[in-house]
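Presented below is the structure to which this report refers.
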Protein chains: 2
Amino acid sequence: MRLSQFHLRTTKETPADAEIASHRLMLRAGLVRKLAAGIYTWSPLGLRVLRKVEAIVREEMDAAGAIELLMPSVQPRELWEETGRWDKFGGQLLKLQDRKESWYCVGPTHEEVITDLARHELASYKQLPVTFYQIQTKFRDEIRPRFGVMRAREFLMKDAYSFHLDDAGLDLEYRNMHAAYTRIFTRLGLKFRAVQADSGAIGGDASQEFHVLADSGEDAIAFSTGSDYAANVETARAAAPAPRPTPAEDMRSVATPVQKTCEDVAALLGVPLARTAKSIAAMTDEGFVLALVRGDHEVNEIKLAKVEGMAGYRMATEAEIAAHLGCEPGFLGPVGMRAPARVIADREVAAMADFIVGANRPGEHLAGVNWGRDLPEPDAVADIRNVVDGDPAEDGGQLRIVRGIEVGHVFQLGRKYADAMRCTVLDENGREAVPAMGCYGIGVSRVVAAAIEQNHDEAGIVWPEPMAPWRVAVCVINPKQNPAVIEAAEALYRELQAAGIETALDDRGLRPGPMFADMELIGIPHRVVVSERGLSTGTFEYRARSAAAAENLDRSALFARLAAGR
Amino acid sequence: MRLSQFHLRTTKETPADAEIASHRLMLRAGLVRKLAAGIYTWSPLGLRVLRKVEAIVREEMDAAGAIELLMPSVQPRELWEETGRWDKFGGQLLKLQDRKESWYCVGPTHEEVITDLARHELASYKQLPVTFYQIQTKFRDEIRPRFGVMRAREFLMKDAYSFHLDDAGLDLEYRNMHAAYTRIFTRLGLKFRAVQADSGAIGGDASQEFHVLADSGEDAIAFSTGSDYAANVETARAAAPAPRPTPAEDMRSVATPVQKTCEDVAALLGVPLARTAKSIAAMTDEGFVLALVRGDHEVNEIKLAKVEGMAGYRMATEAEIAAHLGCEPGFLGPVGMRAPARVIADREVAAMADFIVGANRPGEHLAGVNWGRDLPEPDAVADIRNVVDGDPAEDGGQLRIVRGIEVGHVFQLGRKYADAMRCTVLDENGREAVPAMGCYGIGVSRVVAAAIEQNHDEAGIVWPEPMAPWRVAVCVINPKQNPAVIEAAEALYRELQAAGIETALDDRGLRPGPMFADMELIGIPHRVVVSERGLSTGTFEYRARSAAAAENLDRSALFARLAAGR
């Protein structure tokens, strides 16, 4: 591509609302332009990158045996009523009425549409297993769209759906898709991890997220040094604690006149924070609950909600706390409660001896507390805390916490949608069977932003080669002053193109400084400068985007270098 | 593609609401499935065809220098307010509110979005001319969606927009796009014509439509045998009539007790229909108008509206007719009107002598009527009729009428949008200039349906080769009974694929009848049968989709035949 014939428009300004690097750089490089909150136009430059991602996703989905189709964006309410999601999906569902006042939504996902298709198209077990996919524009009416295309409202997604006669078949395809995703993100040149996930609102069985690793990532991921175990901190588990030691102290009252946090109490007493336990007061349909985690831990709300009887719990109000504990927050604890309450202890807390808790009296804590002696054994013991960096892993390794950006998700949906929508096929015995389903998504436009979060520097984007708009930029110095230079550049450009190396010829006539800055900002992996000086010595100035300095190469060395990079 | 690994699902049933061949065949071949009124899923088979069209469109747009980008589907109301189209666009505009109760529409077209982009991205004349395009899903809330994807509500469109410093530049790009469209439809293998069009609601200057020719087409197109002149009958012009002959008859009253139409009156009097003139009563802001066309002609409402003073006219009510002509419809005429009225005569009527009109008295017509003697010369003479087959053309040839399906449109928009949205660039002198715009659309999904309308027979679709889902079908007879047959078929399939010939291997194990019927229904251009009998004679049974019979070819003759067809 001759850049004089292309629409490239970079800018130095960084909009105030661009909080993260990828958002700033995508706007500065002109990859996208905002049309409205969370709604972006992909510029010619941005679209080149988006199409690279799309092509790799498509190739690997095809290679994995998935079959591409294209479902509509606008979907009728009736289908969403069948699954109950018309109401349950929440505010992200963009609803609308057509001229006949029938209700529709702009599709945020396509489980309903594909299940409707399946119940009409799939009649026999002979048509199974089958996996359909599409690469299609979706809309989710985010309450707070931000971070550019990272959390946009309109976005491009690859969504796939599989149908199986039995769970074993689903499991096989789930692994097949997992492998395809691994190939996709590997081919894209990204550092990533597949992590166990909480499947959240979509529901179902096995579920893994694919995260592009980046310090700015929204999600914290725990992985083990001892195996390929990785999980979102929402669900990550550490090894169970060692058995509870024998009590060594008597319970005693400690004056903590202004010390309301575990940190302050531990500092006052000169003991490790891990010797304290903090109390979280919650309400369920069945009454008041006190949940305990170690002072250096945080309660994990998802895990807590999974403890029996805790589904749909909420935090207790100050009045409820006063009624049950007879005390204001800051000095709460499981000893000497005014009214009976259920006590749920994290595994670590249940394994503590001689620990410190609030005394349920203002300005007072209790130290040397022991289960079974100073208070009853907990009503329930469970893993209800977030893991932390350095926790022992179940596999014997250590847990490390990194940050990631979710770009893919594989789910075993099971029969939830097929049941709700009465999708059946005839099995080998001619009986109606409800197929098991899987669904597999990749946020195609989000991958672009995530790649930038992972790969950028002060000067701009540093594309992994497979995602770069062009692999090579041929920069021409003073093309108008020197016909020999533009001729040599054109010849090199044609040669590179002929060799199948995607090249941008920067023949815009910019001065070297702004031209080089543009090529660095838009992240072209290889830069070749054609200048009068180079012509006189028979060399080209070459610099890899990731290299510190340029070097002078003759033609054959240059081609060898560019061929090697593929 | 091995069809055993593909989702092919044909059906014998024809839905009752499928009125035209392409709609029936697309459903029977399983190219699309209806999700809701005017909203379709493209099956794997259908998507293969859609992508073929898309690829050719993209290649030719790129070759013509247009630059691809991708604009959003959901567009904010504010932009549409700037051009006044939020209200003016009408019921086709699908409006919606997001969770913050801001108004948006699902984009039916992108003039507003591209002009907004241009006013931010284009600063200088140096960036002009530039043509952007996208291939993107659009929504128009048709009041009566029908004919399958031919008049769907959600559809795939290629839309391009160009920006120019002056009208000459716009004209150049308009011709460039016209040439690109000609290449696109030629490469698609379709019979088509570029016709002059009335630009309708979008407004602007030059405008041409590209029509795929098909007897079932909604639009009537007039073309000349004498040049490449072609126009929608809405705007087509015939040659001007010969000068008015000298009157030869006296005006006389004719009793027509029950003859209210020109046809009936001509039959009663035994004269050609072309000797009669019919009167159309209309109202404008300035009063009552009587428009006259020959009895064998139809008034063209678009042409009539373009006559001075007629913009926004409407048909007169019976009361208005009675007030001005003193008579009920069926016997109206320009002679002896009760109140003064403006008379607009079609050119042909103005050139008549001794003609027949209604007498403005029930049961009575006037014959031998002559302008200037029996009634004043018309207030205006204009071309206000539809041309008919056989009319003399302005270029000396004859006009022929064919039917077509509009699949593309090129417009010179001029400065309408740029003016309304205050889009300017700095010209060579540093002064702000409003750029001239062009817009250029192709209904990508509609092209698929139009191609079928033009190319089908009793057995199904007959794809032009460039649009076929696969060029060749290799049909295997009794694969399970004879391993040698499936081996030979697999070998042929691999050879064809290696030769770059897209092939479907029908290894589904169907009996020959249903298998051949499927391949004919889905329109594969070349069919090769691999059977035990063929193996024994070293031949393959070959049949072109369009040929009446099959022939037996050896391997080299087969490959020569398939290579020739490209």
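Below, read A as the first sequence line, B as the second, and so on, with proteins coming before strands; counting in each chain starts at 1. Treat the numbers as computed from the prediction; the structure is a model and nothing was measured. Side-chain atoms are counted along with the backbone in the values below, which use heavy atoms only and exclude waters and symmetry mates.
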* Any side-chain donor paired with an acceptor under 3.5 Å for B:Glu173 and B:Thr131? -> yes

* To do: State, without any angle test, whether B:Asp159 and B:Gln136 hold a side-chain donor-acceptor pair at a distance under 3.5 Å.
  => no

* To do: Return yes if a side-chain donor-acceptor contact under 3.5 Å exists between A:Glu121 and B:His7, otherwise no.
  => yes

* Structure fact -> When the 4.5 angstrom heavy-atom criterion is applied to B:Asp116 and chain A, the contacting part is side chain

* **Per-residue contact mode, B:Arg153 against chain A (heavy atom under 4.5 angstrom)** => side chain

* Structure fact -> From the list A:Ala36, A:Gly91, A:Ala123, the residue making the most non-hydrogen contacts under 4.5 Å with chain B is A:Gly91

* Based on non-hydrogen pairs under 4.5 Å, which of A:Leu94, A:Leu96, A:Leu50, A:Thr41 is most in contact with chain B? -> A:Thr41

* Considering only heavy atoms, which portion of A:Glu78 lies under 4.5 Å from any heavy atom of chain B: side chain, backbone, both, or neither? -> neither

* Asked: Contact part of A:Ser43 toward chain B, heavy-atom cut-off under 4.5 Å: side chain, backbone, both or neither?
  -> backbone

* **Region of B:Val32 that comes under 4.5 Å of a non-hydrogen atom in chain A** => neither

* Segment of A:Tyr40 engaging chain B (4.5 angstrom heavy-atom cut-off) -> backbone

* **Check: B:Glu111/B:Tyr417 side-chain N/O donor and acceptor closer than 3.5 Å** => no

* To do: For the residue pair B:Gln92 and B:Glu142, confirm or rule out a side-chain donor-acceptor distance under 3.5 Å.
  => yes

* Structure fact -> Looking only at A:Asp98, A:Val113, A:Thr137, A:Thr11, most heavy-atom pairs under 4.5 Å shared with chain B are made by A:Asp98

* So which part of A:Gln5 gets closer than 4.5 Å to some heavy atom of chain B, the side chain, the backbone, both or neither? -> backbone

* Asked: Contact part of B:Arg33 toward chain A, heavy-atom cut-off under 4.5 Å: side chain, backbone, both or neither?
  -> side chain

* **chain A contact via B:Leu79 - which portion, at a heavy-atom distance below 4.5 Å** => side chain

* To do: Establish, yes or no, whether the cationic atom of B:Lys95 lies under 6.0 Å from the six-membered ring centre of B:Trp86 and within 45° of the ring axis.
  => yes

* Which value, rounded to the nearest 0.5 Å, describes the distance between A:Leu31 atom CG and A:Leu47 atom CG? -> 10.5 Å

* Aromatic ring centroids of A:Trp470 and A:Phe6 under 6.0 Å? -> yes

